[in-house]
Amino acid sequence: MEDQSGFLEGLGVVSIKDIPRAKRVLEELLAERREISSQISSSGDSGSGTALDSAVADANDIVASVELIAAERDTISVEVQRCLDTASPVQAQLNALLSKTQPLVHCQHYLRWLHILSALSTRIASDHGAGDTASAVAALCDLRRLHQTAESSLTGATHLLSCMTQHIRHWSTILEAVLTKGFEETLKTLHWPFVAGSAQLPTIPSEVQATFLQQLQVMFKLQPFNVEEVSYDDVPYPLELMLQPLRKRFRYHFHGKRQTNDLKKPEWYLTQIRSWITVHSAFLKRYVQPLFTECCGSGVQVERLFVRSMIKLLIAKLRKDTPQLLAEPALLSHTIDELLSFASDLSSLTPTTATERQPLLEILEEKSLLRAWLAVEEISINDHLEKSLASPSAWQSHYGEVEDI
């Protein structure tokens with residue numbers, strides 16, 4: 001009864017007032033029924049009833065196939081479950097065996113890393129023993145790359161990483177000593193440093209030049225120099241070796257008890273530094289700068305690094321002499337005059353960029369020295385002023401008449 005009332009409500013017949021509408025609906029349904037009966041009759045008469053019967057038969061076949069597949073699925077599910085139940089003890093045994101073999105796999109992996117480390121170390125030792133330092137350095141670079149890979153993939157293997165680090169330090173120290181000795185011998189052959197003579201480029205034999213450039217390349221591989229990762233005071237390893245004899249000479253002449261270490265003669269060591277910069281500039285530009293550009297990039301200017309290192313010698317010297325200079329205003333004034341003159345000459349020799357300060361002048365900005373400098377200037381100005389005012393002609397007019405002014 002509820003289905004019938006719902007059907008009528010769906011047709012819009014909800015009260016007795018809707019009886020006419022119900023009548024129309026009934027007539028429409030009867031007409032639809034007659035039309036369907038007519039279609040079925042015509043289909044039977046035209047022989048198309050067999051198509052309908054065929055469709056019904058196909059549907060029955062499909063239903064039967066689905067039921068067969070469902071039965072096969074149930075059979076397969078039962079078989080699979082039986083196989084799983086049978087394989088479950090075997091799976092447990094395999095998991096137990098895998099858990100036992102996993103440490104062996106880790107050990108095999110660990111031993112493989114040790115084998116690579118041992119092979120590289122043996123290769124370095126062999127090349128070093130044969131005197132092939134360049135190949136030994138190349139093998140050391142491979143060892144460094146291996147260490148970087150191990151750091152990212154073997155985070156828990158602290159002992160292996162420590163062993164690699166020790167090998168790298170060991171061979172770096174040995175190869176650095178060999179390269180240093182060979183490079184120093186080559187510098188002697190070049191008669192470096194050029195402590196005398198003019199600023200003209202010295203004549204260098206081609207074989208010495210080739211050896212020099214090859215040693216520079218190998219040293220850059222041993223100790224790479226990235227201008228973006230180093231501090232302002234750092235210099236490349238080869239240039240550091242080239243600076244050592246100059247530093248030694250400077251300390252010998254201007255830090256010890258030699259007559260050249262005269263507080264009254266700051267122009268002596270300033271002239272020496274100026275001479276070294278002038279004499280070595282052409283050699284650095286022609287032979288050293290191209291290789292520095294190749295190995296470190298165009299941002300590394302070897303001449304500027306050389307000048308900066310020379311200025312550091314001056315700054316160390318001035319800082320050492322500052323306590324004595326502060327006690328002698330006349331010596332302080334003379335030293336500052338010479339220093340300003342040197343800074344002016346240096347700017348013409350090696351022009352700085354617009355944003356780069358003159359490092360030599362930074363020491364004059366230190367509080368103690370700047371305060372003493374200002375005091376000396378004040379005394380000098382007052383003395384000059386007093387002498388000018390005490391002069392007999394200080395208050396006399398230098399003009400005959402006012403009109404002459």
Side-chain angles (χ1 to χ4, degrees), residues 91 93-187 210-231 234-242 244 288 290-300:
Q91 182 182 6
Q93 294 176 1
L94 291 176
N95 290 334
L97 292 175
L98 287 175
S99 63
K100 292 180 180 180
T101 58
Q102 195 64 30
L104 297 177
V105 173
H106 291 164
C107 183
Q108 182 184 19
H109 190 57
Y110 193 90
L111 290 175
R112 186 179 297 113
W113 280 95
L114 284 177
H115 175 72
I116 298 174
L117 172 60
S118 177
L120 284 175
S121 184
T122 302
R123 174 183 160 193
I124 296 173
S126 177
D127 292 336
H128 170 60
D132 190 356
T133 307
S135 298
V137 171
L140 179 60
C141 293
D142 292 340
L143 181 57
R144 287 173 175 170
R145 286 189 288 270
L146 179 70
H147 181 261
Q148 293 176 353
T149 304
E151 282 184 325
S152 60
S153 59
L154 300 176
T155 54
T158 56
H159 295 291
L160 178 60
L161 294 175
S162 176
C163 183
M164 287 185 180
T165 302
Q166 291 176 6
H167 275 71
I168 292 173
R169 290 176 180 173
H170 170 75
W171 287 117
S172 296
T173 301
I174 293 176
L175 296 178
E176 181 179 336
V178 173
L179 286 173
T180 299
K181 182 179 179 181
F183 191 66
E184 289 175 347
E185 292 176 354
T186 303
L187 291 178
T211 302
F212 176 75
L213 297 178
Q214 182 182 9
Q215 289 174 337
L216 284 177
Q217 291 176 334
V218 175
M219 284 191 288
F220 271 121
K221 290 182 180 180
L222 181 64
Q223 292 190 11
F225 186 84
N226 189 343
V227 68
E228 298 179 356
E229 299 178 357
V230 297
S231 65
D234 291 335
V235 294
Y237 171 44
L239 183 58
E240 180 68 27
L241 296 179
M242 298 173 72
Q244 286 180 2
V288 183
L291 191 59
F292 271 51
T293 302
E294 177 185 348
C295 298
C296 308
S298 58
V300 179

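Side-chain atoms are counted along with the backbone in the values below, which use heavy atoms only and exclude waters and symmetry mates. Just so you know, these numbers come straight off a predicted model, no measurement behind them. Throughout, residue positions are numbered sequentially from 1 according to the sequence presented.
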Open item on the list: Applying side-chain contact (heavy atoms from CB on, under 4.5 Å) to D127 and R123, what does each step give before you reach the verdict?
Closed with: CA-CA 6 Å; D127 292 336; R123 174 183 160 193; 3.7 Å; yes
Task: Between OG on residue S153 and CD on residue Q148, distance to nearest 0.5 Å - done: 11.5 Å
Open item on the list: Within this structure, what is the CD-CG distance for the pair E184 and L187, rounded to the nearest 0.5 Å?
Closed with: 7.5 Å
Task: Distance-minimising heavy-atom pair for K221 and C141 - done: O-SG, 3.6 Å
Open item on the list: Can you confirm whether R169 is buried at CZ, in the sense that more than 12 heavy atoms of other residues, nucleotides or ligands lie under 6.0 Å from that atom?
Closed with: no
TODO: Give me the ring orientation class for F183 and F212: parallel if the planes are under 30° apart, tilted from 30 to 60°, perpendicular past 60°.
DONE: parallel
Task: Heavy-atom pair with the smallest gap, counting every atom of T211 and T186 - done: CG2-OG1, 4.0 Å
Task: Spatial distance of atom OG1 (T180) from atom CG (L241) [nearest 0.5 Å] - done: 5.0 Å
Open item on the list: Do M164 and E151 have side chains that approach each other closer than 4.5 Å (heavy atoms only, starting at C-beta)?
Closed with: no
Task: CG-CG distance between D234 and L239, expressed to the nearest 0.5 angstrom - done: 11.5 Å
Open item on the list: When you measure from the side chain of S172 to the backbone of I168, do you find a donor-acceptor pair of N or O atoms at a distance under 3.5 Å?
Closed with: yes
Task: Any side-chain donor near an acceptor of the partner, H167 and W171, under 3.5 Å - done: no
TODO: Could you grab the distance from atom CE of M219 to atom CD of Q217, nearest 0.5 Å is fine?
DONE: 10.5 Å
Open item on the list: Distance check, rounded to the nearest 0.5 Å: R112 atom CZ versus L117 atom CG?
Closed with: 14.5 Å
- [ ] Locate the shortest heavy-atom distance separating A139 from I124; write the atom from each residue and the value.
- [x] CB-CG1, 3.4 Å
- [ ] Write down the atom of P224, the atom of R144, and the distance for their closest heavy-atom approach.
- [x] CD-NH1, 4.1 Å
Task: For the student: nearest non-hydrogen atoms of L222 and L175, plus distance - done: CD2-C, 4.2 Å
TODO: Show the numbers, then the answer: is there a side-chain contact (heavy atoms from CB on, under 4.5 Å) between F220 and E294?
DONE: CA-CA 10 Å; F220 271 121; E294 177 185 348; over 6 Å; no
TODO: Measure across L216 and P238 and return the closest heavy-atom pair with its distance rounded to 0.1 Å.
DONE: CD2-CB, 3.2 Å
